[in-house]
Protein chains: 2
Amino acid sequence: MSDHNHMHADPEAALARAERVCRERGARFTSQRRRVYELIVCAGEPVTAYELLHRMGGDGGHPAPPTVYRALDFLQAHGLVHRLASQSRFVACDHPETGAHGGVFLVCDRCGRALEWQDERVARAVARSAREAGFELGDEVLPEVEGTCGDCRRG
Amino acid sequence: MSDHNHMHADPEAALARAERVCRERGARFTSQRRRVYELIVCAGEPVTAYELLHRMGGDGGHPAPPTVYRALDFLQAHGLVHRLASQSRFVACDHPETGAHGGVFLVCDRCGRALEWQDERVARAVARSAREAGFELGDEVLPEVEGTCGDCRRG
DNA sequence: CAAAAGACGATATAACATAACATTCTACGC
DNA sequence: GCGTAGAATGTTATGTTATATCGTCTTTTG
C-alpha cells in the first residue's frame, strides 16, 4: 500500500536514470539541465531557485535567473523534479520513470525536508473527490501537507 | 461523504460568523481585518494580496503591503481564510467554525476558481499516510490539486 | 491613570519569477 | 561539409510576492 521512501543515496544513478528518461523521449538533457538536476539531487532537501543559481556559479559568477527557471521548467515537464508550492522550492522526484506520481508530499515544518510518500489510497481518494466535484484532474496532482517528521519529533 | 460546496451567497452572514468566531476566542476582529476578510469573501475566487491591497484604497491611496499581510496572517491563523500556495492567492474558508478542514482544494487551471471540497476519505487517507511515514500532521493540511472544473470543461 | 501588549503606519528591501529579444548551438537534409 | 530551422541559452530589465524593522497609536488590564 505504501511504498517506502528514500533519499537519493546515489546521485550517479539518478543522473543516469534522468538521462535515460530524456533519451527515451527525445528530450535533450543538456549540460545546464544536468547541472541543475544534479544540484537538486545532491541537495537532499528542497532548494530554492536562487540557491541553485548561486551554487551554479563556477568562475566568473552565477547565471541569470531565467537560466535556472528554464532548466527547472524542463525538469518539471519531464517529471524529474517537483515544485513544492508551499515552500517555493524544488525537489527531485523519486520515481521519474512512472508518469503518475500518486501520493502526497509530507513537508516537515522544522527541518524543511519533504518526503514524497507514495500512497494509492490518497491518490484514489483525491481522484474520487475530483470526480464527484466534476473536476478532471491534471497531471500535477501532488498534494502537499505540512507536519513534523519523525526525526524532528524525536529530537 | 462529500459535502456540497458553495460560494458565499451571503457576505453578511460570513462576516457575522467571522466576528463570532473571533469573539469566542478573544481575538480582535479589527476594521482592517474585517475589511480584508470582506474583500476576500466578496471576491468569490482566489485573490492575491496585492489585489486586496489595491481594492483597499479608498481616498488617498492604498495601504502598504505589511498591512494586508498582517491581516491575512491573522485570518489564516483563525482559519477564516486559506492560502492557496500553488497560486499565491487567498480564499475564504467555507466553514471557519470547525477546527479541522479535512478535504482538498480543487483548483481549476482555466477559470482559476478553487473549490474547497470536504471529503473524509481524503482526510483519512492523508492522515494514514502521515502516520505511516512517522509524520505528525499540522493544522494547515489542505492539499491542493490542479484540474479543470465542470463548468470549464463543458465550455 | 500607568503599564503592557497588541495593532497599525511607513520605509525599505528581500525573495521569487518572467517578459522580451539577441545570440549560439544542434540536428538534419542536402 | 554547408545551410538552415528550431531549440537552447545569454542578457537586460522588470514584475510579483513577501518580510524586516522601527516608530506610533490604541486597547486592555491592573
Side-chain angles (χ1 to χ4, degrees), chain A residues 18-19 22-40 43 46-78 80-91 107 112 140 144, chain B residues 18-19 22-37 39-40 43 46-78 80-91 112 140 144:
Chain A
E19 196 146 10
C22 288
R23 194 168 41 239
E24 284 168 358
R25 304 186 184 198
R28 293 167 56 192
F29 196 54
T30 65
S31 64
Q32 296 273 22
R33 293 165 179 173
R34 182 186 189 87
R35 179 89 181 103
V36 169
Y37 183 64
E38 186 180 13
L39 286 169
I40 295 173
V47 286
T48 71
Y50 278 73
E51 283 167 356
L52 294 169
L53 202 51
H54 293 307
R55 290 175 196 176
M56 285 178 80
D59 40 354
H62 54 73
T67 298
V68 161
Y69 281 103
R70 282 194 282 235
L72 289 169
D73 285 346
F74 172 89
L75 296 170
Q76 285 176 87
H78 291 280
L80 294 167
V81 313
H82 294 294
R83 175 171 185 269
L84 287 181
S86 62
Q87 302 203 117
S88 294
R89 284 166 190 268
F90 300 84
V91 289
V107 183
E140 269 299 314
E144 306 161 33
Chain B
E19 195 145 12
C22 288
R23 195 167 42 240
E24 283 169 359
R25 304 187 185 198
R28 293 167 55 193
F29 197 53
T30 66
S31 63
Q32 297 272 22
R33 292 165 179 173
R34 181 186 189 86
R35 179 90 181 101
V36 169
Y37 182 65
L39 285 170
I40 294 174
V47 285
T48 70
Y50 279 72
E51 283 167 357
L52 295 168
L53 201 51
H54 294 306
R55 290 176 196 176
M56 286 177 80
D59 40 353
H62 54 74
T67 298
V68 161
Y69 281 103
R70 281 193 285 235
L72 288 170
D73 285 347
F74 172 89
L75 296 170
Q76 285 176 86
H78 291 281
L80 294 166
V81 313
H82 295 293
R83 175 171 185 267
L84 286 181
S86 61
Q87 302 202 336
S88 293
R89 283 166 190 268
F90 300 85
V91 289
E140 271 298 315
E144 307 161 32

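Letters A, B, ... mirror the listed sequences (proteins, then strands); counts begin at 1.
- Look at CZ on B:Arg28: it is 7 Å from P on C:dC8, rounded to the nearest Å.
- To the nearest 0.5 Å, atom OH of residue B:Tyr37 and atom CG of residue B:Leu52 are 13.0 Å apart.
- The residue from B:Val81, B:Ile40, B:Val91 that alone fulfils the side-chain contact (heavy atoms from CB on, under 4.5 Å) condition with B:Val47 is B:Ile40.
- Looking only at side-chain heavy atoms (C-beta outward), B:Val36 and B:Thr67 stay at 4.5 Å or farther from each other.
- Side-chain atoms of A:Tyr50 and base atoms of C:dA17 include a donor and an acceptor less than 3.5 Å apart.
- Counting heavy atoms from C-beta outward, B:Leu39 and B:Met56 have side chains that approach closer than 4.5 Å.
- Pairing each heavy atom of A:Pro63 with each of A:Leu53, the nearest pair is O-CD1, 3.2 Å.
- A close approach under 4.0 Å does not occur between any side-chain nitrogen or oxygen of A:Thr30 and OP1 or OP2 of C:dC25.
- Atoms CD (A:Gln32) and C1' (D:dA7) sit 14 Å apart, rounded to a whole Å.
- Rounded to whole Å, atom C1' of C:dA17 lies 14 Å from atom CG of A:Leu52.
- Taking a 4.0 Å limit (strictly below) on heavy-atom distances, residues 65-73 of chain A reaches DNA chain D at A:Pro66, A:Thr67, A:Arg70.
- We find that CZ of A:Arg34 is positioned 18 Å from C1' of D:dT9, with the value rounded to whole Å.
- Residue B:Arg89 contributes atom CZ, which lies 16 Å from atom C1' of D:dA18 at whole-angstrom precision.
- Side-chain contact between A:Cys22 and A:Phe74: present, with at least one pair of heavy atoms (C-beta onward) separated by less than 4.5 Å.
- Remark on DNA chain C: of its neighbouring residues A:Ser88 and B:Ala27, the 5'-side contact belongs to B:Ala27, judged by nearest-heavy-atom nucleotide.
- Rounded to a whole Å, the CZ atom of B:Arg83 is 12 Å from the P atom of C:dC16.
- In this structure, A:Arg33 places its CZ atom 11 Å from P of D:dA7, rounding to the nearest Å.
- You'll find that the side chain of A:Ala64 is closest to D:dT11, out of D:dA18, D:dT11, C:dT11.
- Following rounding to the nearest Å, B:Leu53 (CG) and D:dG15 (P) show an atom-to-atom distance of 16 Å.
- When all heavy atoms of A:Glu144 and A:Ser86 are compared, the pair lying nearest together is OE1-OG, 2.7 Å.
- Looking at the side chain of B:Phe90, the nearest of the listed nucleotides D:dT9, C:dA7, D:dA18 is D:dA18.
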